[in-house]
Amino acid sequence: MCGRYTLFAPTADLEARFGADFGDHEPSYNCAPGQSLPVIADEDPAEATRMEWGLTPSWADESFDLINARAETVREKRSFADAFERRRCLVPADGFYEWVGGELGSGKTPYRVAFEDDRPFAMAGIYERWEPPEPETTQTGLGTFGGGNGDGAAGADDPDVVETFAVVTTEPNDLVADLHHRMAVILDPDAGEEETWLRGDADEAAALLDPYPSDELTAHPVSTRVNSPSVDEPELIEPVAGD
């Protein structure tokens with residue numbers, strides 16, 4: 001899975017790399033589920049949009065918070081299929097964390113995976129717009145409490161609509177296989193994969209969901225302090241002695 005990642009590259013570098021406006025982006029050494037993070041959506045690739053990490057389908061009655069979508073089933077599962085067909089995005093990162101010995105938790109050793117030069121890259125993502133249901137409490141002569149304009153319209157600028165995303169994962173490459181049984185799909189910009197992911201049809205996008213070659217990537221153990229999403233500091237990416 002991909003449960004944490006980093007995005008600390010300077011804003012100017014990110015804007016040059018992705019050709020998008022990142023606004024007031026602040027560096028993060030511990031991007032975590034539930035946080036509002038920049039993604040580049042197919043609708044407007046010239047601007048990074050902040051969305052909440054943890055996808056909830058538009059039809060859901062409650063928050064799903066799905067942080068990952070498996071490449072093998074992303075086109076089939078009801079929670080992801082429509083987003084894969086119609087709403088794909090790039091998730092900018094400059095590294096991600098995996099935990100040896102299982103998922104994030106006590107007794108597991110976290111590793112950071114990144115390019116050797118720490119350059120930013122794009123993970124394949126999908127996104128949704130979800131309008132939480134209004135409270136059902138009513139009184140005689142009054143409408144449902146909770147506001148809303150009553151016309152049923154919901155769009156990207158509607159304050160009641162929550163924009164959420166998930167990272168697509170695939171089988172690991174040789175490097176990540178020693179750490180975990182899944183890895184994020186990393187798109188190769190030199191092969192035009194980022195553009196294809198945003199603009200291509202579903203078949204073209206599905207052809208990109210393979211593991212990135214491991215020869216340019218590196219991995220090293222880091223402090224277990226990364227386990228806490230409240231900890232976000234440069235020291236988190238520094239190598240520590242492994243087991």
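Counting begins at 1 with the first residue of the sequence.
- Two different hydrophobic clusters hold M51 and F84 under the rule that ILVMFWY side chains link at heavy-atom gaps under 4.5 Å.
- One finds the CG atom of D118 at 4.0 Å from the CZ atom of F8 (value rounded to the nearest 0.5 Å).
- Separation of atoms CG (L209) and CD (E171) is listed at 12.0 Å; rounding is to 0.5 Å.
- The shortest distance between side-chain heavy atoms of Y111 and P221 falls below 4.5 Å.
- Using a 4.5 Å cut-off between side-chain heavy atoms of Ile, Leu, Val, Met, Phe, Trp and Tyr, with links allowed through other members, L208 and I40 fall into the same hydrophobic cluster.
- Environment of CG in D117: crowded, with over 12 heavy atoms of neighbouring residues, nucleotides or ligands closer than 6.0 Å.
- Counting all heavy atoms, side chain and backbone alike, A114 lies closest to D94 at CB-O, 3.5 Å.
- Put simply, CD on E62 and OG1 on T56 are 9.0 Å apart, with the number rounded to the nearest 0.5 Å.
- Nearest heavy atoms, A122 versus F18: CB-CE2, 3.9 Å.
- Using a 4.5 Å heavy-atom threshold, the side chains of P45 and R199 count as touching.
- I67 and L55 are not part of a single hydrophobic cluster, where members link through side-chain heavy atoms under 4.5 Å apart.
- Contact check for V91 versus F96: no side-chain heavy atoms found under the 4.5 Å cut-off.
- Cluster membership for F64 and V161, using ILVMFWY side-chain heavy atoms within less than 4.5 angstrom, is not shared.
- The shortest heavy-atom contact between N173 and L217 is ND2-CD1, 3.5 Å.
- Put simply, the side chain of N30 gets close to the backbone of V226: a donor and an acceptor are under 3.5 Å apart.
- When all heavy atoms of P120 and A9 are compared, the closest pair comes out as CG-CB, 3.9 Å.
- Side-chain atoms of T6 come within 3.5 Å of backbone atoms of G95 as a donor-acceptor pair (strictly under, hydrogens ignored).
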Given L14 and L7, is the side chain to side chain contact (heavy atoms under 4.5 Å, CB included) satisfied, shown in steps? CA-CA 9 Å; L14 291 174; L7 186 61; 3.8 Å; yes

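- Looking at E204, its side chain does come within 3.5 Å of a backbone N or O of D201 through a donor-acceptor pair.
- E194 contributes atom CD, which lies 4.0 Å from atom CZ of R17 (distance to the nearest 0.5 angstrom).
- Aromatic ring orientation, H25 versus F22: perpendicular (interplanar angle above 60°, classes split at 30° and 60°).
- Taking CD1 from I126 and SG from C89, the interatomic distance works out to 8.0 Å, rounded to the nearest 0.5 Å.
- With hydrogens and angles disregarded, a donor-acceptor distance shorter than 3.5 Å links the side chain of Q35 to the backbone of A32.
- D82 pairs in a salt bridge (Lys or Arg N to Asp or Glu O under 4.0 Å) with only one of the listed residues (R88, R75, K77, R87), which is R87.
- No continuous path of hydrophobic side-chain contacts links V162 to W59 [ILVMFWY only; heavy atoms under 4.5 Å].
- Nearest approach of E47 to A20, heavy atoms of both residues: N-CB, 4.0 Å.
- Looking at every heavy atom in both residues, Y97 comes nearest to I237 through OH-CG2, 3.5 Å.
- Side-chain atoms of H220 and R112, non-hydrogen and from C-beta on, do get closer than 4.5 Å to each other.
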Would you check, one step at a time, whether the test side chain to side chain contact (heavy atoms under 4.5 Å, CB included) holds for M123 with L187? CA-CA 6 Å; M123 300 184 291; L187 301 169; over 6 Å; no

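- Taking 4.5 Å as the limit, every side-chain heavy atom of W197 sits out of range of all side-chain heavy atoms of V185.
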Would you please test L179 and V113 for side chain to side chain contact (heavy atoms under 4.5 Å, CB included) and show each step? CA-CA 10 Å; L179 311 177; V113 181; 3.7 Å; yes

Please report the C-alpha distance between V231 and E233 in whole Å, then the side-chain angles of each, then the deciding distance to 0.1 Å, and finally whether the side chain to side chain contact (heavy atoms under 4.5 Å, CB included) criterion is met. CA-CA 6 Å; V231 179; E233 55 192 34; 4.0 Å; yes

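- Of the charged side-chain nitrogens involved, none lies within less than 4.0 Å of a carboxylate oxygen, so that R50 and D24 do not count as a salt-bridged pair.
- Considering only heavy atoms from C-beta on, S79 comes within 4.5 Å of L66 through its side chain.
- Ring centers of Y212 and F115: under 6.0 Å apart, within the cut-off.
- For D65, the CG atom is densely surrounded, since the number of other residues' heavy atoms within 6.0 Å is greater than 12.
- Rounding to the nearest 0.5 Å gives a distance of 8.5 Å between CZ of R225 and OG of S230.
- Contact of the E43 side chain with the Y127 side chain is registered, since non-hydrogen atoms from C-beta on lie closer than 4.5 Å.
- Taking the six-membered ring where tryptophan is involved, the planes of W53 and F165 are essentially parallel, since the angle between them stays under 30° and well short of 60°.
- Put simply, the residue from L90, D188, I186 that forms a side chain to side chain contact (heavy atoms under 4.5 Å, CB included) with E193 is D188.
- The shortest distance between side-chain heavy atoms of W99 and R4 falls below 4.5 Å.
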